[in-house]
Amino acid sequence: MKVWLIRHGMTRLGEEKRYQGALDEGLSAQGRAALKRAAFTPSRVYVSPLLRARETAGLLFPASEQIVVPDLREMDFGVFEGRGWWEMEQDEDYCAWVDGGCTGRCPGGENRASFSARVCAAVEKLLRKNEDGLAIVAHGGTQMALLDRWGVPAREYWQWQRPCGCGWLLEYNRERDRMTVLEEVDFLK
């Protein structure tokens, strides 16, 4: 089965290189202008509930039904959200999180393991009920979590993230429970 795993378009917080996570900001004017309509139209596209993913899906697949999947939302970065790394260089909690490989719990947010488990469980359900392909518009963290578990050839977690408006075309093999990378895709003008 083919799986399209697409990261949302650019937002103002993304342009400013700030942690966005669970903050529900839509696409920036530049982010909307940068996206082009997809050359294919799935009957349905599964989206994160966050506005930036829903807007992206609407621009890429305007004729497709959007199905919101709450557990596809981005990792909750807690008190780090809306802030840039340069603003937190002296923050003890932030330094400890970074020194721990960004795997621990963000104060007021999630840790990487629980985030990844949430996202993977949601996609597992989608994989079981879809036979003819799957289009997902979500987040960079979603891409990394899913492909860290299923991606072939194996890569480090951080190497799976694609830029805004880009993603992966994958082939999911049910018997092997793996997603083989077919190609990198982008929906940028």
Side-chain angles (χ1 to χ4, degrees), residues 4-39 45-64 66-98 101-112 114-116 118-119 122-123 135-148 157-168 184-189:
W4 288 268
L5 181 57
I6 304 158
R7 185 178 181 190
H8 62 79
M10 185 58 74
T11 64
R12 178 189 55 82
L13 287 172
E15 290 168 357
E16 295 175 1
K17 308 265 191 255
R18 295 176 180 279
Y19 287 90
Q20 190 160 343
L23 295 176
D24 198 13
E25 179 176 295
L27 299 176
S28 66
Q30 180 181 348
R32 278 189 295 283
L35 294 171
K36 66 180 177 186
R37 186 176 176 161
V45 59
Y46 296 91
V47 296
S48 159
L50 298 177
L51 183 58
R52 58 195 184 265
R54 292 183 289 120
E55 286 181 344
T56 299
L59 291 168
L60 300 182
F61 310 110
S64 301
Q66 285 190 29
I67 299 174
V68 174
V69 180
D71 285 340
L72 290 178
R73 70 190 180 282
E74 180 62 284
M75 182 170 161
D76 186 336
F77 293 104
V79 300
F80 305 149
E81 291 187 356
R83 299 167 70 192
W85 64 266
W86 62 94
E87 297 171 312
M88 298 183 284
E89 287 180 299
Q90 305 305 315
D91 181 311
E92 266 182 41
D93 291 331
Y94 180 74
C95 291
W97 182 66
V98 170
C102 303
T103 59
R105 182 169 305 282
C106 299
E110 293 179 279
N111 65 31
R112 189 165 95 190
S114 61
F115 161 70
S116 292
R118 166 174 57 80
V119 168
V123 170
I136 298 171
V137 178
H139 308 278
T142 307
Q143 289 178 339
M144 294 184 296
L146 294 176
L147 292 172
D148 188 53
Y157 180 86
W158 303 105
Q159 293 176 327
W160 287 113
Q161 184 174 7
R162 297 276 291 129
C164 288
C166 298
W168 304 95
E184 295 179 355
V185 295
D186 78 64
F187 298 91
L188 303 173
K189 291 180 181 172

* Structure fact -> On a heavy-atom basis, the closest approach of Ser48 and Val68 is C-CG1, 4.4 Å

* Asked: Do the rings of Trp160 and Trp168 sit parallel, tilted or perpendicular, given the 30° and 60° boundaries?
  -> perpendicular

* Asked: Rounded to the nearest 0.5 Å, how far does CG of Leu27 lie from NE2 of His8?
  -> 8.0 Å

* For the atom pair CD (Glu74) and OG1 (Thr142), what is the distance rounded to the nearest 0.5 Å? -> 5.5 Å

* Minimum heavy-atom distance Arg52-Leu23, with the two atoms named -> NH1-O, 2.6 Å

* **Gln20 and Thr11 side chains, donor-acceptor separation under 3.5 Å** => yes

* Asked: Given Arg162 and Glu184, is the salt bridge (Lys or Arg N to Asp or Glu O under 4.0 Å) satisfied, shown in steps?
  -> CA-CA 8 Å; Arg162 297 276 291 129; Glu184 295 179 355; 3.4 Å; yes

* **Sidechain N-carboxylate O distance under 4.0 Å for Glu110, Arg105** => no

* Nearest heavy atoms of Val137 and Ala53, plus distance in Å -> CG1-O, 3.5 Å

* Look up atom CH2 in Trp97 and atom CZ in Phe77, then write down how far apart they are to the nearest 0.5 Å. => 5.0 Å

* Asked: Taking the six-membered ring of Tyr157, is NZ or CZ of Arg112 closer than 6.0 Å to its centre and within 45° of its axis?
  -> yes

* Asked: Any ion pair linking Glu81 and Arg18 (charged N to carboxylate O, less than 4.0 Å)?
  -> no

* Taking all atoms of both residues into account, what is the closest heavy-atom pair of Glu15 and Ser28, and its distance? -> OE2-OG, 2.6 Å

* Asked: If you take all heavy atoms of Asn111 and Met75, which pair is closest and at what distance?
  -> C-CE, 3.9 Å

